[in-house]
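Numbered from 1 within each chain, the chains take letters A, B, ... in sequence-line order. Hydrogens, waters and symmetry mates play no part in the numbers below; they use all other heavy atoms, side chains included.
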Amino acid sequence: MLGRRMVSVRVGRDRTARHNASPSEVVNRLSGRKVEKVGRHGKFLVFELDEGYTMVAHLGMSGRFAITASGEEMSPHTHFVTTLDDGSEVRFIDPRTFGFVAAYDEDEIASSGLSRLGPDAWDNPPGATELRTALEKRTAPIKALLLDQGPVAGLGNIYADEALFLAKIHPLAPGGSLDGSKLADLLSAVRQVLATAIESGGTTLNDLAYLLPDGQAGDNLDSLHVYGRDGEPCRVCSTEVQRVVVRARSTHFCPGCQADA
DNA sequence: ACCTCCCTGGCC
DNA sequence: GGCCAGGGAGGT
């Protein structure tokens, strides 16, 4: 895709283009644009284009990009397609429709969701001191703060729970209650959780919502310590894994391994 | 800084 | 047939 021009663009479902004024605005802005740089910040994919435009995409919980030869049969839930100048197609497939594709100009990108992200959890992780500064006045549960994408960007519900387990931090612990040493543990756990997840192709649950670009399932489910294991024994200490709700997200932890908040 | 909403497929 | 899962944005 890098260096290629998007010769045609089609939005198959209006909701996928919801961050622009209209689906046709996405089509008009992207058509003919050349992809000069491809990157990622947190869970946002960033495609820098010519003429000052940026294509931003988010996979939500079930999105994937597939690159296909032109004319291949469309998978169900294909909501955005662009044909490149080499004839290949880039297709955005997203059954749950939480993902999106946006076309921003320079002003819009500065006020988009991208602008609210903290340092990337994988490519540019904060140091413990920097994270401590970001969290020291926060009273919200650390789990909620990890989901915020502000202190650190890139963790979703599953990996937030897993990182807190590995760092032995209770998910309800107030952000400001964690000292530099605990935050160093957390950052190290984040790195380990993401490395394992990437290695195994990500976490495909039984609902098959998340899939790899080729439609295959990722194998990281087998590596999880607490997520989705409520009622089962902790893999480390055999205490029953508990589930609570934080910010309307299921949160899993081991009361034995993760000290009280 | 919090709550609600969006949407679909899998599962009970 | 109804509930649950999830990320982000917009509103209160």
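Of the side-chain N and O atoms in Q149(A), none sit less than 4.0 angstrom from OP1 or OP2 of dG7(C).
Summarising the geometry, the separation between CD1 on I158(A) and P on dG6(C) is reported as 7 Å, rounded to the nearest angstrom. Rounded to an integer number of Å, the gap from NZ of K143(A) to P of dC2(B) is 15 Å. We find that CG of D148(A) is positioned 9 Å from P of dA1(B), with the value rounded to whole Å. Remark: P of dG8(C) and CG of D94(A) are 13 Å apart, rounded to the nearest angstrom. One atom, NE2 of H58(A), and another, P of dA9(C), lie 7 Å apart when rounded to the nearest Å. In this entry the distance linking CZ of R116(A) with C1' of dG7(C) reads 12 Å, nearest Å. Residue L147(A) contributes atom CG, which lies 13 Å from atom P of dC2(B) at whole-angstrom precision.
Residues C257(A) and C234(A) are in side-chain contact: their nearest non-hydrogen atoms beyond the backbone lie under 4.5 Å apart. Side-chain contact check for F65(A) versus R91(A): every heavy-atom pair is 4.5 Å or farther apart.
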Residues Y159(A), T203(A); criterion side-chain hydrogen bond (donor to acceptor under 3.5 Å, both in side chains); working and verdict: CA-CA 9 Å; Y159(A) 302 134; T203(A) 308; 2.7 Å; yes

Working for side-chain hydrogen bond (donor to acceptor under 3.5 Å, both in side chains), residues D219(A) and S200(A): CA-CA 5 Å; D219(A) 294 324; S200(A) 57; over 6 Å; no

side-chain hydrogen bond (donor to acceptor under 3.5 Å, both in side chains) between R15(A) and T97(A), worked out: CA-CA 7 Å; R15(A) 175 170 156 80; T97(A) 74; 2.9 Å; yes

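Summarising the hydrophobic clusters (Ile, Leu, Val, Met, Phe, Trp, Tyr; side-chain heavy atoms under 4.5 Å, direct or chained), the residues clustered with V245(A) are none.
No continuous path of ILVMFWY side-chain contacts below 4.5 Å connects L146(A) to L117(A), so the two sit in separate hydrophobic clusters.
Within 4.0 Å (heavy atoms only), S250(A) reaches sugar-phosphate atoms of the nucleic acid but no base atom.
Screening R249(A), R116(A), R138(A) for a salt bridge (charged side-chain N to carboxylate O under 4.0 Å, His left out) involving D148(A) leaves a single residue, R138(A).
In the set dA9(C), dC2(B), dG6(C), dA9(C) carries the atom at the smallest distance from any side-chain atom of F44(A).
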Contact pattern, 5' to 3', of nucleotides 4-12 of chain B - B, S or - by protein heavy atom under 4.0 Å: --BBBBSS-

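Within residues 218-231 of chain A, the residues that place at least one heavy atom under 4.0 Å from DNA chain C are, in residue-number order, Y227(A).
For the residue pair D260(A) and H170(A), no side-chain donor N or O sits within less than 3.5 Å of a side-chain acceptor on the partner.
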